[in-house]
Amino acid sequence: MNMAERYSPQDIETKWQRRWEADALYKSASTGDKPKYYILDFYPYPSGEGMSVGHARNYVPTDVIARYYRMRGFNVMHPIGFDAFGLPTENAAIKLKKNPHELNERYSANYIRQYKLMGLSYDWSRVINSAHDNYYRWTQWIFLKIFHSWYDARLNKAAPIADLEAELSTQGSGAILDYIDRNAEHVGTVTAGTQPVTAAHWNAMSRREKNEYLMNFRLAFRSNSLVWWDPVDKVVVADEEVENGRAWRSGALVERKTLRQWYFRITAYAERLINDLDSVDWPERIVKMQRNWIGKSEGAEVEFKVANAESRARSSDSGLGMQDSIRVFTTRPDTLWGATFMVLSPEHGLVDALTTPEQRAAVDAYRAMAKGETDEVRTAENKEKTGVFTGGYAINPVNGERIPVWIADYVLTSYGTGAIMAVPAHDQRDFDFARKFGLPIVEVVRGPGESKPTSEWSAAYEEKSGVMVNSGPLNGMSTGDDGKACIRAATEHVAKLGVGQRRVNYRIRAWLISRQRYWGTPIPIIHTDDGEVSMDESELPLRLPDVAHYEPSQTGESPLAGIPEFVNTPRGRRETDTMATWACSSWYYMRFADPHNDSRIFDPKELNYWLPVDMYVGGAEHAVLHLLYSRMWTKVLYDAGVVNFIEPFKALRNQGMILSNQKKVDENGREYYEKMSKSKGNVITPDEVAAEHGADALRGYEMFISDFTQTVPWNTQGVPGVRRWLDRVWRIVLSPDEDKGAPNSMSAKDLRRVAHLTIERYERDLVAFSFNTVVSGMMEFTNTMFKARDAGLAGTPEWNEAIDILVKLLAPIGPHVAEELWERMGHAYSIHQQRWPKLDPDAIKSDSITIPVQVNGKLRDRIVVAADADDAAIKAAALASENVQKFMEGKSARQVIYAKGRMVSVVV
RNA sequence: GGGGAUGUGGCGUAAUUGGCAGCCGCGCACGACUUAGGAUCGUGAGCCGUAAGGCGUGUGGGUUCAAGUCCCACCAUCCCCACCA
């Protein structure tokens, strides 16, 4: 026999990649009778650096799953596209003095080249790119949908803004605002502090006034607010993009600026975003992170009347009157009787009015200090409380006590009402503050076993089991029976007094969407004499103009503001902000269903066939933002009747990170591995690995390296191990007679059993995302084939079946080598269109089973019994074992336990 | 401070979910084939012990005939959130 040709990935991979592409082998049918399976990778950002082997860990496993489902007879959609807008490309364009459009084309083409060299089976006919106008046209279209919507709390869904206008012209806004006020969960559906208008008032407003008023309701709205400003990128960044006082992308210390910005009213969906999490198959961790981010707390809002008659007289110019009150949100209204002082955030609107002349200088100094602070400074010093007395007082509404009002930066403007009632006996922060400034402490919850009041910190607040004291009508109530009972009683009490009511507070805030940069989706709004008005759908896309320079202005305006042809329209001045890229990625998974539709966003028939996404895979770094935003857009489009599903991603999985393979030692002598990054020069690319060992070995190793969810350092030395396995498959398929080893007694039936067991394990592990064990199972199967060969089984029907199974099971993992083997075996192209081998349950059964036997918990022997032997026979066989007898030391068995098929345990 | 995850050979890991701890691979050692090997093939190996055997899944307890797996306490590492009222 001739020496068979060796396995050489370089000789076969490009050949098959070209053929598959020419044949459009992985193009999904548009609809059909087959069951559909939509498997999607997180939308990649095409950077100039290209991909590393870390990125490939996302793409390879999903590709294996896609290929598996195709062979199982599913109509699979496995698409890819590019989240191309955004700062990295814009900054690169500025630095390289290139056009970002040009860079986008170059970078995304390079990504596609890399995908192809890994043998990924994307449907190339569905590639999309956020920066192409046939895509962002529809991002703008959705923006308009959102802009033209408001949240009708009574229907608990978004409705056309025209409906609201109709209501305002006949009934005014009293009814809806009253409804929101009475239904605490809907607190986020309208801008806080929106004043009611009557129908007459509304009808008398100018168009401009009306548009301004409607901004309080629109789901896309413009608002003046304090935002984070990145002085390096010269752009506004969202709260979510600030970490420890530094901008997420540039790393610059951010500053506070007041600017008029575009937002999406994601707060309106807070409750649904929480509730619908129950319906998704996502990692528990991600679900919890989303819940925490939305941050629902239930409690009460209570009014504290200002009690500062003397100061009022002296500062009458401030307009402060007795009717003024400080509203606070508390989750523990039952501790109201223990509120001995109040704290306002330094930015709170009543600070000026409350401040007495004696305290003015101290208050102003403190406010100036707090204003200049970044969050980093605040949190760095968070151990030591700081604050200043305003000189003002308020009345505790439940006991009439006159309590001092302070300001302190530990109270945040952005949460709740920006003011708190301080209960130092039962809140650690208030306690610290009271101790530092000598403020009174009154205990209202007495812990179990405590018999007398204490002025010290009490843990009863946390213990949730205590008795109310010093609390008027609540005295004697136990917090332990039902923690909520005291809270309910207190809430009813303040409601009866007319000073408070039940409230729900959410941590989540409006989603800041506008950016003062060029490289993003233009916002289709025009500023006219009537205020901010939308462009018409028919005018879309609003294209990005070509410009020579992309540098941001020093003023914080977008570079688009310097282009008169863009800015000036017959109706007015065009909006020059662009949308943050979160917008582009909030709906791309829908566009894949019908990516080239020029007349509508997508054909609903296509969309409803493919969506929702069955399996969504990517890194955990997008656990909160991207997924939350996508969920909100889905719900808005659902409310608008555009889509028929409420959650976009049925199942979600996160892959672990791949770190550099270079070991580092920290100052404590501990070893660690860094993330791969170009600046550290430790990036390993799929290109170099594939060039040396082949794409199939790269793919196999990406699966094999570790548990999918685990962070793990790359180990290039591991790749040849996988390649050796592929080489062994190659040889056992094409030349089983070469280099035979020592004979053994394996039977054809044994071989068939292993082959079918491998199918079973493969399928079970693959759907469980246990990719490393899929590969190790295949390696075991391969090793078994060599043993079977040595036993002389080559050429038997069982052998031929096993080879067929081996190659088909290999196809998703190593598509090139499997295709080549398939062809050399004399089969017709393509293996990727073959049916998946069918598991024969009978083949898995075996005639005899091996049962381990323990004596007093220690393994002493293994017995081989017939598979259908009854329990008594197996126990008897176990007791008959020589070794078992030896360790029983002549004693009789007190107990013999047989765990079916697993173990015999003898106790003496 | 709150939430979550992890801890098993020299390394990456596995263990049909309470039933033989260490599958598969890397690296290592020895051997074969070779002019040669960073190729290939074979053999070996958790640790201690010549062996019989003993000990072993971060630590300490517990439940059980049986614990990597369940319960309690603790230690370590990592991730997320965080003065959120």
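Order of the sequence lines fixes the chain letters, A, B, ..., with proteins taken first and strands second; residue numbering starts at 1 for each chain. No hydrogens, no waters, no symmetry mates; every other heavy atom, side chains included, goes into these values.
The residue A:N505 sits apart from the nucleic acid: no heavy atom pair falls under 4.0 Å. Residue-level contact check: A:K886 touches the backbone only, with heavy atoms under 4.0 Å from sugar-phosphate atoms and none from bases. Among the protein residues, A:G721 comes within range of the sugar-phosphate backbone only, with heavy atoms under 4.0 Å from sugar or phosphate atoms but none that close to a base.
Not one side-chain nitrogen or oxygen of A:N654 sits closer than 4.0 Å to the OP1 or OP2 atom of B:rC79. The phosphate of B:rG42 has neither OP1 nor OP2 within less than 4.0 Å of any side-chain N or O from A:K787. Side-chain N/O atoms of A:T850 include none lying less than 4.0 angstrom from OP1 or OP2 on B:rC20. For B:rG42, the OP1/OP2 oxygens have a side-chain nitrogen or oxygen of A:R728 closer than 4.0 Å. In this structure, A:R507 reaches the B:rA82 phosphate: one of its side-chain N or O atoms is under 4.0 Å from OP1 or OP2. Distances shorter than 4.0 Å separate some side-chain N or O of A:R429 from OP1 or OP2 on B:rC84. A sub-4.0 Å separation between OP1 or OP2 of B:rU17 and a side-chain N or O of A:R764 is absent. Distances shown here put every side-chain N or O of A:R761 at or beyond 4.0 Å from the OP1 or OP2 atom of B:rC24. OP1 or OP2 of B:rC79 has not a single side-chain nitrogen or oxygen of A:K675 nearer than 4.0 Å. Residue A:N772 has a polar side-chain atom (N or O) positioned under 4.0 Å from OP1 or OP2 of B:rA14. Between B:rA39 and A:R6, no contact under 4.0 Å exists linking OP1 or OP2 to a side-chain N or O.
Among the nucleotides B:rC20, B:rU17, B:rC65, the one closest to the side chain of A:R902 is B:rU17. Distances were taken from every side-chain heavy atom of A:T773 (C-beta onward) to each of B:rC65, B:rA14, B:rC24; the shortest belongs to B:rA14. Taking only side-chain atoms of A:Q710, from C-beta outward, the nucleotide of B:rU6, B:rC26, B:rA85 with the closest atom is B:rU6. With distances taken from any side-chain atom of A:F887 to the nucleotides B:rC20, B:rG53, B:rA82, the minimum falls on B:rG53.
B:rA21 and B:rU17 have their C1' atoms separated by 15 Å, given to the nearest Å.
In this structure, CD of A:Q428 is placed 11 Å from P of B:rG2, rounded to the nearest angstrom. In this structure, A:H426 atom NE2 and B:rA85 atom C1' are separated by 15 Å, rounded to whole Å. Rounding to whole angstrom units, CG of residue A:D707 and P of B:rC79 are separated by 18 Å. Rounded to whole Å, the distance from CE on A:M785 to P on B:rC41 is 17 Å. The interatomic distance linking A:F786 (CZ) with B:rU40 (C1') rounds to 11 Å, in whole Å. Rounded to whole Å, the distance from CG on A:L859 to P on B:rG19 is 15 Å.
Pair check for B:rA15 finds none; no Watson-Crick or G-U wobble contact set falls under 3.5 Å. Both distances falling under 3.5 Å, in either a Watson-Crick or a G-U wobble arrangement, occur for no nucleotide opposite B:rA52. B:rG22: no Watson-Crick or G-U partner with both key distances under 3.5 Å is found in any strand. The partner of B:rU63 cannot be assigned: no Watson-Crick or G-U wobble pair with both contacts below 3.5 Å exists in any strand. Partner assigned to B:rC30 is B:rG42, using Watson-Crick or G-U wobble distances below 3.5 angstrom. Under the Watson-Crick or G-U wobble criterion, with both distances below 3.5 Å, B:rC78 is paired with B:rG4.
The 12-atom threshold is not exceeded at CZ of A:R327, counting heavy atoms of other residues, nucleotides or ligands nearer than 6.0 Å.
Checking A:M289 against A:A419, the closest nucleotide of RNA chain B that is more toward the 5' end is the one next to A:M289.
No N or O donor and acceptor, one from the side chain of A:K288 and one from the base of B:rC80, sit under 3.5 Å apart.
With a 4.5 Å cut-off on side-chain heavy atoms, A:Y410 and A:T386 do not count as touching. Contact annotation: the side chain of A:W714 never approaches that of A:S660 to less than 4.5 Å [non-hydrogen atoms, C-beta and beyond].
The cationic atom of A:R860 (NZ for Lys, CZ for Arg) lies less than 6.0 Å from the six-membered ring centre of A:F887 and within 45° of the ring axis.
If you run ring pair (Phe, Tyr, Trp, His ring centres under 6.0 Å) between A:W406 and each of A:Y366, A:F433, A:F341, only A:F433 comes through.
Taking the six-membered ring wherever Trp is involved, the centroid distance between the rings of A:F704 and A:F771 does not fall below 6.0 Å.
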